[in-house]
Amino acid sequence: MELNAVKKSYARWAPIYDKTFGAITNVGRRTAVDYINTQDVVNVLEVGVGTGLALPNYRPELNVTGIDFSEDMLAKAQSKVEDLGLDHVQELRQMDARNLDFSDASFDVVAAMHIISVVPEPEKVMAEMARVCKPGGLIVITNHFATQTGLLARIERMSAPFANLLGWHSDFEISTVLKQADLKVIEKKALPPMGMMTFLVLKKTDE
């Protein structure tokens, strides 16, 4: 997806995101955060924090940093942090996920919830997420990945040409996020609705 298309798409969706796509993707977001909350970790990076829907659900002992390319989305997230007194949120920053402004091995966990199929050059984003994740750390992803057979697969293929308008790639292949040699899948499961979403945990190999 083109960068300008992403920016325009999320500027358009920001005012109503929480009650539309945000509601649809809530199960995946809660699954990811609930998993992170059970881990022995401290520093968490949420890539594509959006309007901050996940932020209130992190346990308060965590140090959470959120980044997003959309300033409109970040403004909504910042309002949530201030209104709800989310002291565990250390920082919200505008940033291109293809070029994360963090040092290597900065975070115990890097989360990407329903964003990896909408960013330009997702392979670069995955490489950056792996770079800033500590050895032995986790990358937690929830996303829709392409279905191989059946009616849903046909619908996904038909929708694919409208990716820039819809704001997501309906035919996004899971293989795109599995190309990093230093990341190993340790958990994968289908999520509602109708198994359309996937919960995926990757562990970075120890150096």
By ring pair (Phe, Tyr, Trp, His ring centres under 6.0 Å), which residues pair with Y35, not counting sequence neighbours? F199
Would you say S70's side chain and M73's backbone share a donor-acceptor pair under 3.5 angstrom? yes
Counting C-beta onward and ignoring hydrogens, is there a side-chain heavy-atom pair between K188 and I174 closer than 4.5 Å? yes
Decide yes or no on side-chain contact (heavy atoms from CB on, under 4.5 Å) for E123 and K179, but give the supporting numbers first. CA-CA 8 Å; E123 293 90 347; K179 295 180 179 180; 3.5 Å; yes
With side chains defined as the heavy atoms from C-beta onward, is the minimum distance between M129 and V47 less than 4.5 Å? yes
Begin from the C-alpha positions of V64 and L55 and carry the test side-chain contact (heavy atoms from CB on, under 4.5 Å) through to its verdict. CA-CA 8 Å; V64 180; L55 295 177; 4.0 Å; yes
Would you say V110 and V132 make side-chain contact, with heavy atoms under 4.5 Å? yes
Provide the closest heavy-atom pair for I36 versus A111 in the form atom of the first, atom of the second, distance. CD1-CB, 3.9 Å
How about D87: does its CG atom have over 12 heavy atoms from other parts shown lying under 6.0 Å from it? no
Closest non-hydrogen atom pair, V177 against I141: CB-CD1, 4.5 Å
Could you tell me if the side chain of N143 sits less than 4.5 Å from the side chain of M197, heavy atoms only? no
CE-CD1 distance between M95 and I67, expressed to the nearest 0.5 angstrom: 6.0 Å
Set of salt bridge (Lys or Arg N to Asp or Glu O under 4.0 Å) partners for E91, sequence neighbours left out: R93
R98 with E128: basic N within carboxylate O range, under 4.0 Å: no
Would you call D108 and L138 a side-chain contact if the rule is heavy atoms closer than 4.5 Å? no
Can you check whether V27's main-chain N or O pairs, donor with acceptor, with T31's side chain at less than 3.5 Å? yes
Is there a side-chain contact (heavy atoms from CB on, under 4.5 Å) between F107 and V41? Walk through the geometry before answering. CA-CA 9 Å; F107 298 95; V41 297; over 6 Å; no
What verdict does the side chain to side chain donor-acceptor pair (under 3.5 Å) test give for T205 and D182, after you've listed the backbone C-alpha separation in whole Å, the side-chain angles of each residue and the deciding distance to 0.1 Å? CA-CA 5 Å; T205 55; D182 56 349; 5.4 Å; no
State, with a plain yes or no, whether a side-chain heavy atom of L62 is found less than 4.5 Å away from one of N43. no
Quick one: closest heavy-atom pair of V119 and V125, and the distance? CG2-CG2, 3.7 Å
Would a hydrophobic clustering, with Ile, Leu, Val, Met, Phe, Trp and Tyr connected at side-chain separations under 4.5 Å, put V42 with L86? no
Could you measure the distance from the OG atom of S79 to the CG atom of L74? Nearest 0.5 Å is fine. 11.0 Å
Please report the interatomic distance CG(L200) to CG(L178), rounded to the nearest 0.5 Å. 6.0 Å
Side chains of V81 and L84: closer than 4.5 Å at any heavy-atom pair? no
Donor-acceptor pair, K204 side chain versus C133 backbone, under 3.5 Å? yes
dist E46:CD -> I115:CD1 (nearest 0.5 Å) comes out at 9.0 Å
Restricting to non-hydrogen atoms, name the atom on V33 and the atom on A54 that form the minimum distance, rounded to 0.1 Å. CG2-CB, 3.9 Å
If only atom types and distance count, is the side chain of Q94 paired as donor or acceptor with the main-chain N or O of F69 below 3.5 Å? yes
Is the closest side-chain heavy-atom distance between R29 and T142 below 4.5 Å? no
For the atom pair CG (L183) and NZ (K203), what is the distance rounded to the nearest 0.5 Å? 12.0 Å
Residues in side-chain hydrogen bond (donor to acceptor under 3.5 Å, both in side chains) contact with Q39, at least two apart in sequence or another chain: none
Smallest heavy-atom separation, Y58 atom then M113 atom, equals OH-CE, 3.4 Å
Which distance, rounded to the nearest 0.5 Å, do you find between the CG of N57 and the CG of D34? 7.5 Å
Between V201 and V185, does a side-chain contact (heavy atoms from CB on, under 4.5 Å) hold up when you go through it step by step? CA-CA 6 Å; V201 181; V185 177; over 6 Å; no
Above 12 or not: heavy atoms from other molecules or residues under 6.0 Å from CZ of R30? no
Indicate the atoms forming the closest heavy-atom contact of T176 with P122, along with that distance. CG2-CG, 3.7 Å
Give a yes or no on whether the backbone of G52 and the side-chain of K76 come within a donor-acceptor separation of less than 3.5 Å. no
